[in-house]
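Since we're looking at a predicted model, the values are computed, not measured. Each chain gets a letter, A, B and so on, in the order the sequences are listed, and its residues count up from 1.
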There are 2 protein chains.
Amino acid sequence: MRTLEHPSPENFRLDTILSALADPIRRMIVCRLADGQHKQACLSFGLPVGKSTSTHHFRVLREAGLIEQRYQGTAILNSLRTADLESRFPGLLPAILASARRDSEPVV
Amino acid sequence: MRTLEHPSPENFRLDTILSALADPIRRMIVCRLADGQHKQACLSFGLPVGKSTSTHHFRVLREAGLIEQRYQGTAILNSLRTADLESRFPGLLPAILASARRDSEPVV
DNA sequence: CCCTTTGTACGAACATCATCGTACTACCCG
DNA sequence: CGGGTAGTACGATGATGTTCGTACAAAGGG
């Protein structure tokens, strides 16, 4: 079974995490995962980019520590590393998720 | 008196804010301002970059809505737009500031 | 009025990043 | 084993971003 490298929480870098979340496509992925869309193959997200670009974005998220990727056959099950992020940077992910939802809403 | 353009809170974009804060130098500026170093000239921050690069970073922060810049003679007084940020993206700035402090600490 | 201080404008050099297409690998199912 | 599915590797390309140096502008003090 193939496995993928995941950083441990004490190696999370704010620099890397913010750069990862600065990209709209990667923020879209994280938001979907937060909305309960765990356990979906990468390509089933229907992202508006090609296959290799999709691979690239998921890897950036994994290497930043934001998501966990586990092989299931030829597919990959993705999930948010909510607890690990909370232990290293408490409140960061929830705040960014809430801001992302507010950002896509019509301005009041 | 010279004045500078500042976006209003309803025009703040999460994209722009996260990109701005992804840069370590700009995060350094924001952290210093949060630590009470308001009302200081740009160059007095002693950033490890040249003059024109410094101008560039401060402008990125201003155009993202993160700081306010007001001329005072030939110098510029900088301050964090804490209230405006809180109204548009509640909790975002405090979470990032806390994470930034935690990031620079030795790993426990 | 000259000089200093503070910041800006401009252009160049360099690095990084997002994107793509094509070729390839790994796994599963019949 | 053969075919299909999901993802990776690689190289290229174009856009964006950081950095700098130099020349310039605006404000204030002697």
Side-chain angles (χ1 to χ4, degrees), chain A residues 1-6 13-33 37-79, chain B residues 1-6 13-33 37-79:
Chain A
M1 181 61 79
R2 289 174 289 177
T3 54
L4 293 162
E5 292 273 328
H6 291 79
R13 293 264 126 234
L14 184 58
D15 222 332
T16 316
I17 290 183
L18 289 183
S19 299
L21 291 175
D23 185 275
I25 299 229
R26 289 192 289 261
R27 220 161 44 238
M28 191 183 306
I29 295 172
V30 169
C31 285
R32 299 249 191 106
L33 288 174
Q37 270 191 32
H38 340 133
K39 316 298 176 188
Q40 281 214 348
C42 294
L43 295 180
S44 74
F45 281 70
L47 301 171
V49 291
K51 251 171 49 163
S52 38
T53 306
S54 184
T55 295
H56 164 68
H57 285 306
F58 276 95
R59 177 170 43 208
V60 170
L61 288 174
R62 171 169 46 81
E63 290 176 346
L66 283 158
I67 65 172
E68 193 211 343
Q69 299 195 281
R70 190 196 314 265
Y71 272 102
Q72 179 95 350
T74 64
I76 285 183
L77 301 187
N78 300 280
S79 52
Chain B
M1 180 62 77
R2 289 174 289 176
T3 53
L4 294 162
E5 292 272 328
H6 290 79
R13 295 261 127 236
L14 184 59
D15 222 332
T16 316
I17 290 183
L18 289 184
S19 299
L21 291 176
D23 184 275
I25 299 229
R26 289 193 289 261
R27 219 160 45 238
M28 190 182 308
I29 295 172
V30 169
C31 284
R32 299 249 191 107
L33 288 173
Q37 269 194 33
H38 341 131
K39 315 296 176 191
Q40 280 214 346
C42 294
L43 293 181
S44 74
F45 281 72
L47 300 173
V49 291
K51 253 173 45 165
S52 37
T53 306
S54 184
T55 295
H56 164 68
H57 285 305
F58 277 96
R59 177 168 42 207
V60 171
L61 287 175
R62 172 169 46 83
E63 290 177 347
L66 283 158
I67 65 173
E68 192 211 343
Q69 298 195 282
R70 189 197 314 264
Y71 272 101
Q72 179 94 354
T74 65
I76 285 182
L77 301 186
N78 300 279
S79 51

May I ask you to evaluate whether A:Ser52 reaches the phosphate of C:dC20, defined as a side-chain N or O under 4.0 Å from OP1 or OP2?
no

In whole angstrom, what separates B:Lys51's NZ from C:dG11's P?
19 Å

Taking the side chain of B:Arg26 as its heavy atoms from C-beta onward, which of D:dT8, D:dT18, C:dG7 lies nearest to it?
D:dT18

Just compare C:dT6, C:dT19, D:dT19 and give me whichever is closest to any side-chain atom of B:Val49.
D:dT19

Could you grab the distance from atom CZ of A:Arg62 to atom CG of A:Leu66, nearest 0.5 Å is fine?
12.0 Å

Within the side chain of B:Ser19, is there an N or O that forms a donor-acceptor pair under 3.5 Å with the backbone of B:Asp15?
yes

The answer to which of B:His56 and A:Ala75 contacts DNA chain D further toward the 5' end, by nearest nucleotide, is A:Ala75

Would you kindly give the CZ-to-C1' distance between A:Phe58 and D:dG7, to the nearest whole Å?
11 Å

Rounded to whole Å, CG of B:Leu77 lies from P of C:dT6 at a distance of 12 Å

Separation of A:Asp23 atom CG from C:dA18 atom C1', in whole Å?
7 Å

Can you tell me if B:Arg26 uses its side chain to pair, donor with acceptor, with the backbone of B:Phe58 under 3.5 Å?
no

For A:Glu63 and C:dA18, what is the distance between atoms CD and P respectively, to the nearest whole Å?
12 Å

Can you tell me how far P of C:dT6 sits from CZ of B:Arg59, to the nearest Å?
19 Å

Quick check: does any side chain N or O of B:Arg70 sit under 3.5 Å from a backbone N or O of B:Ile76, one acting as donor and the other as acceptor?
no

Taking atom P of D:dA26 as reference, at what distance in whole Å does atom CG of B:Leu4 sit?
14 Å

Would you kindly give the NE2-to-C1' distance between A:His57 and D:dT8, to the nearest whole Å?
15 Å

Whether B:Arg2 contacts D:dA25 is assessed here as follows: a side-chain N or O lying under 4.0 Å from the phosphate OP1 or OP2. Is that the case?
no

Assert: residue with more 5' nearest nucleotide on DNA chain C, out of A:Thr53 and B:Cys42, is B:Cys42

Between the CD atom in B:Gln69 and the OG atom in B:Ser79, the distance rounded to the nearest 0.5 Å is 9.0 Å

The nucleotide from D:dA27, D:dT18, D:dG7 with an atom nearest the side chain of A:Ile76 is D:dG7

